[in-house]
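Working notes, structure below.
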Protein chains: 2
Amino acid sequence: MNSKGNFVKKLRNSGLRPTKQRIKICEVLFKNEKTFHFTINELSKIIAEKIEEKISLATIYNTVHAFKKKGYLKEISINTDKSYFDTNTSHHHHFFDNLTKELTDLSNEDVEKIQINKSLPGKKISSVEILVKVENE
Amino acid sequence: MNSKGNFVKKLRNSGLRPTKQRIKICEVLFKNEKTFHFTINELSKIIAEKIEEKISLATIYNTVHAFKKKGYLKEISINTDKSYFDTNTSHHHHFFDNLTKELTDLSNEDVEKIQINKSLPGKKISSVEILVKVENE
DNA sequence: TTCTAGTTTATAATAATTCTAAAAAAAGTA
DNA sequence: TACTTTTTTTAGAATTATTATAAACTAGAA
Ligand SMILES: [Mn+2]
Ligand SMILES: [Mn+2]
Ligand SMILES: [Zn+2]
Ligand SMILES: [Zn+2]
């Protein structure tokens with residue numbers, strides 16, 4: 001279903017040239033329908049394992065940021081030393097386990113509608129995200 | 001109101017020795033009742049300006065983290081290159097302007113009650129925070 | 001005052017991220 | 001296709017935030 005042809009289309013549609021490296025990264029990110037969260041370092045390790053050729057770290061950074069800009073990836077707001085990205089680009093929220101550093105999706109439906117009764121002059125809301133930190137019971 | 005004697009008490013109460021440096025940092029953080037958000041670098045600049053003596057960056061890091069652990073400061077979850085801290089330790093939420101990098105408080109009362117209808121096995125919720133990203137209208 | 005554990009400091013180390021400039025690849029053109 | 005132009009990749013350097021180290025210093029107790 002998500003094969004090379006689709007990746008090329010996906011890239012073309014968003015004005016990105018379908019280079020060999022970008023297609024490889026697409027394979028890792030989008031091949032299976034299950035979405036996941038990752039840091040750049042984790043992604044780089046997965047790529048190193050799954051793909052025969054190596055892709056430079058700079059390219060991984062560049063590509064991930066390009067995908068983010070195009071809306072193919074989301075960046076998750078957590079205050080840690082590294083950035084977390086998400087292949088689930090739908091609007092949703094997160095659990096974060098500070099112990100295991102694990103992120104878990106919290107779907108939009110699992111949260112009652114959020115109503116913000118304040119606004120900032122001259123500004124409009126671009127996103128509203130909940131981060132639920134969890135700890136061991 | 002918030003004078004040296006109080007800082008010493010505050011520090012003592014939380015098992016921290018009232019050293020010269022920590023009291024100076026307290027002055028910057030807690031002297032005026034108005035709370036604010038800061039990065040370590042901003043804090044370090046404020047200290048350099050307001051206080052005659054210089055305090056090493058390591059001490060600032062250590063002290064801020066000690067205060068955080070003791071609950072005198074909160075760390076805000078935003079994915080940027082630096083950590084944001086908050087002298088407002090009450091439960092509240094934030095607006096974040098990605099352009100100006102400015103954080104603004106969103107009080108608990110400004111947000112309708114958040115109801116999470118999902119839980120993770122063996123985990124309990126330790127905090128629920130909303131980050132509202134804003135952009136120019 | 002003396003002793004000791006806790007603290008500060010300068011500095012080095014680490015680690016995430018970005019920058020750079022040259023080489024390689026892709027696209028465009030004829 | 002063959003040539004030109006544009007974009008991308010790459011290795012490595014640079015930058016920046018943060019943490020670790022280890023020696024000098026200090027607060028507080030005895
Ligand atoms: Mn931290
Ligand atoms: Mn980033
Ligand atoms: Zn997610
Ligand atoms: Zn705040």
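Chain A is the first sequence line, chain B the second, and so forth, proteins listed ahead of strands; every chain is numbered from 1. Worth knowing before you read on, the calculation uses all heavy atoms, side chains too, and leaves out hydrogens, waters and symmetry mates.
- When the C1' atom of dC25(D) is taken as reference, atom CD of Glu53(B) falls 14 Å away, rounded to whole Å.
- When rounded to the nearest whole Å, the span between NZ of Lys68(B) and C1' of dT18(D) equals 13 Å.
- Among the nucleotides dA16(C), dT11(C), dT17(C), the one closest to the side chain of Ala58(B) is dT11(C).
- Out of dA17(D), dA10(C), dA11(D), the shortest distance to the side chain of Lys54(B) is found at dA10(C).
- With hydrogens and angles ignored, the 3.5 Å screen pairs a side-chain donor or acceptor of Ser14(B) with a backbone N or O of Leu11(B).
- When the P atom of dT16(D) is taken as reference, atom NZ of Lys82(A) falls 21 Å away, rounded to whole Å.
- Under a cut-off of 6.0 angstrom, the local environment of CD in Glu53(B) is crowded, with over 12 non-hydrogen atoms contributed by other residues, nucleotides or ligands.
- In this entry the distance linking CD1 of Ile60(B) with P of dT11(C) reads 16 Å, nearest Å.
- With sequence neighbours excluded, the residues forming a side chain to side chain donor-acceptor pair (under 3.5 Å) with Thr59(A) are Ser56(A), listed by chain and number.
- If you take NZ of Lys45(B) and P of dT16(D), they are 11 Å apart, rounded to a whole angstrom.
- In the model, Asn41(A) has no side-chain atom that pairs as donor or acceptor with a side-chain atom of Thr39(A) under 3.5 Å.
- Under the 6.0 Å distance and 45° angle rule, Lys10(A) counts as a cation-pi partner of Tyr72(A).
- Not counting sequence neighbours, the partners of Lys9(A) by the side chain to side chain contact (heavy atoms under 4.5 Å, CB included) test are Asn6(A).
- No donor-acceptor pair under 3.5 Å is formed between the side chain of His92(B) and the backbone N or O of Ser107(B).
- Regarding contacts with the backbone of dT18(D), a side-chain N or O of Ser83(B) is found under 4.0 angstrom from either OP1 or OP2.
- Distance, Asn41(A) CG to dT18(C) C1': 15 Å, rounded to whole Å.
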(request) Do nucleotides 4-9 of chain D as a string where each nucleotide becomes B, S or -: B if the base has a protein heavy atom under 4.0 Å, S if just the sugar-phosphate does, - if no protein is that close. (result) ---SSS
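- In this structure, Tyr61(B) reaches the dT18(D) phosphate: one of its side-chain N or O atoms is under 4.0 Å from OP1 or OP2.
- Across the protein-nucleic acid pair, Leu57(A) atom CG and dC19(C) atom P stand 14 Å apart, rounded to whole Å.
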